[in-house]
Amino acid sequence: MGAGTIIMTNKTVKGLTTAASIWSVAGLGLALGYGYYLIATFGTLIIFFSLTALAYLIPMGNINRLEIKLNEHQTTKYIKQVLKKFHIDIENTDVTIKRDEDGSRNYTIMYTLEVPRKVDTSQLVFELSDNEQVDYVRLLE
C-alpha cells in the first residue's frame, strides 16, 4: 500500500511522504473502525502538525528542466554564474551539438535543476536570455 506513489528519477525520490500519509490514514481508519475515537483524533492532529512542520523545517526545492540553445560553448560559464547567483543546483546536464551547413556549431543544453522555492523563475529566464550568445531559453516545470 502506498508503493505506487514512490517514484525514482535520476537522483531524486518522490512520493515518500505521500506513501507514509496513506499508511497513516489507513491506521486512523482502523482506529475509527474499532471505536477508538480519542486515539484517532490525537493521531489526526499529530499527523497534520507533523506534515505541516515538515514543509517548513525541510525546505524542498522544485526540480525543473532548463533548455538553452547557444552558438558558443564559452557561454556555459555565464549560465553557471547566473545559476549560482540564484542559488540553483545543477543535478544533471545533457548536451547536444549540431553543425550547420557553414560548419558552425549550435549547442542545446538541457539542465536538470533544483530550484529553491523563493526563486523567481521568470527573472532567471530573462537574465539568461540577456546574453547575446543565447538563442533560446525554455524552463520546463
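Note that these values count all heavy atoms, side chains included, but never hydrogens, waters or copies made by symmetry. Just so it is clear, the structure is predicted and the values come from calculations on it, not from any experiment.
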Tell me, with the steps shown, if Thr108 and Val95 meet side chain to side chain contact (heavy atoms under 4.5 Å, CB included). CA-CA 6 Å; Thr108 302; Val95 180; over 6 Å; no
Could you walk me through whether Ile90 and Lys84 pass the side chain to side chain contact (heavy atoms under 4.5 Å, CB included) check? CA-CA 9 Å; Ile90 300 172; Lys84 187 175 183 178; over 6 Å; no
Leu32 and Leu30: CA distance, side-chain angles, deciding distance, side chain to side chain contact (heavy atoms under 4.5 Å, CB included) verdict: CA-CA 5 Å; Leu32 286 171; Leu30 286 171; over 6 Å; no
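Each of Leu70 and Met110 belongs to its own hydrophobic cluster when Ile, Leu, Val, Met, Phe, Trp and Tyr are linked at side-chain heavy-atom distances under 4.5 angstrom. Taking hydrophobic clusters as Ile, Leu, Val, Met, Phe, Trp and Tyr residues chained together by side-chain heavy-atom distances below 4.5 Å, Phe49 does not share a cluster with Ile39. Residues Tyr107 and Tyr136 do not share a hydrophobic cluster, clusters being chains of Ile/Leu/Val/Met/Phe/Trp/Tyr side chains in contact below 4.5 Å. A continuous path of ILVMFWY side-chain contacts below 4.5 Å connects Ile88 to Val125, so both sit in one hydrophobic cluster. Cluster annotation: Leu113 is not connected to Leu140 through the hydrophobic network of ILVMFWY side chains, with a link wherever side-chain heavy atoms come within less than 4.5 Å.
Taken from CG in Asn92 to OG1 in Thr112, the straight-line distance is 4.5 Å, to the nearest 0.5 Å. The distance from the CG atom of Asp120 to the NZ atom of Lys118 is 14.0 Å, given to the nearest 0.5 Å. Summarising the geometry, atom OG1 belonging to Thr75 is positioned 15.5 Å from atom NZ belonging to Lys69; distances are rounded to the nearest 0.5 Å. Separation of atoms CG (Asn131) and CD1 (Ile79) is listed at 7.5 Å; rounding is to 0.5 Å. With rounding to the nearest 0.5 Å, the separation of OG in Ser21 from CG in Leu51 is 4.5 Å. The OH atom of Tyr111 lies 13.5 Å from the CG atom of Leu139; values are rounded to the nearest 0.5 Å.
Using a 4.5 Å heavy-atom threshold, the side chains of Leu124 and Leu83 count as touching. In this structure, Ile22 and Val25 have side chains that are not in contact, with every pair of non-hydrogen atoms separated by 4.5 Å or more.
Put simply, the residue from Asp100, Asp135, Asn71 that forms a side chain to side chain donor-acceptor pair (under 3.5 Å) with Asn106 is Asp100.
Considering all non-hydrogen atoms of both residues, Ile47 and Leu28 come closest at CD1-CD1, 3.7 Å.
Residues passing the salt bridge (Lys or Arg N to Asp or Glu O under 4.0 Å) test with Lys85, sequence neighbours excluded: Glu127. Annotation: salt bridge (Lys or Arg N to Asp or Glu O under 4.0 Å) contacts of Arg138 (sequence neighbours excluded): Glu67. Under the ring pair (Phe, Tyr, Trp, His ring centres under 6.0 Å) criterion, Tyr78 pairs with no residue at all, not counting sequence neighbours.
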